[in-house]
Amino acid sequence: MPHLKLGCINDFVNILKSDNDYDERRHNKTEQSYQLRKGVIEFFSAEDSGKVHGPRRDILYINECNNVHYEVFYQASMRTNICTFLDFNPVQSFWVHDKLMPMLNA
């Protein structure tokens, strides 16, 4: 969670503020969530796949997925209805290259 607070969450808040869309009343800093007009963005750490069993979502965004085990991604993506976004720094090959890229090239 400390990494998320310094990176992804901080970026998210700064983008909203730069667009004059940030509303502190919608930001639950204890739960690390932000209430949108038609949904909620939840920021959470998922070191193991057990933390992602259960909750369903429409859109999944995994920050620095190269630091997330494939099983965590798989379990979370199986509970995602619309789409999944992955970001990572391409410093070395990992499961995205081995498991997902071949499907795109097929």
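Hydrogens, waters and symmetry mates play no part in the numbers below; they use all other heavy atoms, side chains included.
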To the closest 0.5 Å, what do you measure between CZ (R56) and CE (M78)?
8.5 Å
Is a side-chain N or O of Q35 found less than 3.5 angstrom from the main chain of G39, in a donor-acceptor match?
yes
Whether the side chain of T84 engages the backbone of T80 through a donor-acceptor N/O pair (distance < 3.5 Å, no angle test) should be reported.
no
List the atom pairs, donor and acceptor, that lie under 3.5 Å between side-chain atoms in residues 91-102 and the rest of the protein, sequence neighbours left out.
from	atom 1	to	atom 2	distance (Å)
W95	NE1	V68	O	2.7
H97	ND1	F94	N	3.2

Before you tell me yes or no, could you show the steps for Y34 and N28 under side-chain contact (heavy atoms from CB on, under 4.5 Å), namely the whole-Å CA-CA distance, both residues' side-chain angles and the distance that decides it to 0.1 Å?
CA-CA 6 Å; Y34 191 85; N28 184 329; over 6 Å; no
Which distance, rounded to the nearest 0.5 Å, do you find between the OH of Y22 and the NZ of K17?
5.5 Å
When rounded to the nearest 0.5 angstrom, what distance separates CD in E42 from CD in Q32?
11.0 Å
Where do S33 and V40 come nearest, in terms of heavy atoms and distance?
CB-CG1, 3.9 Å
Going from OG on S77 to CZ on R57, what distance comes out if it is rounded to the nearest 0.5 angstrom?
9.0 Å
Supply the atom-to-atom distance D21 CG to L16 CG, rounded to the nearest 0.5 angstrom.
6.0 Å
Determine whether I59 and Y61 make a side-chain contact, defined as any pair of heavy atoms from C-beta on separated by less than 4.5 Å.
no
Evaluate the side-chain proximity of L60 to F85: yes if any heavy-atom separation is below 4.5 Å, no if none is.
no
Side chains of F12 and I41, heavy atoms from C-beta outward: is any pair under 4.5 Å?
yes
Are M103 and I62 connected into the same hydrophobic cluster when the rule is that any two of I, L, V, M, F, W, Y join if their side-chain heavy atoms are below 4.5 Å apart?
yes
In chain order, what residues pass the side-chain hydrogen bond (donor to acceptor under 3.5 Å, both in side chains) check against N66, with sequence neighbours excluded?
none
Quick one: does R37's side chain get under 4.5 Å of R26's, heavy atoms only?
yes
Treating R79 as the side-chain partner and Y74 as the backbone partner, does any N or O pair qualify as donor plus acceptor under 3.5 Å?
no
If Ile, Leu, Val, Met, Phe, Trp and Tyr residues are connected whenever their side-chain heavy atoms lie under 4.5 Å apart, and connections chain through other members, are V13 and L36 in the same group?
yes
Nearest heavy-atom pair of F88 and P90: which atoms, and what distance?
O-CD, 3.6 Å
Check whether any side-chain N or O of D58 sits under 3.5 Å from a backbone N or O of I82 as a donor-acceptor pair, and report yes or no.
no
May I have the step-by-step check of salt bridge (Lys or Arg N to Asp or Glu O under 4.0 Å) for K29 and E24, ending in yes or no?
CA-CA 9 Å; K29 294 176 184 174; E24 191 158 357; 3.4 Å; yes
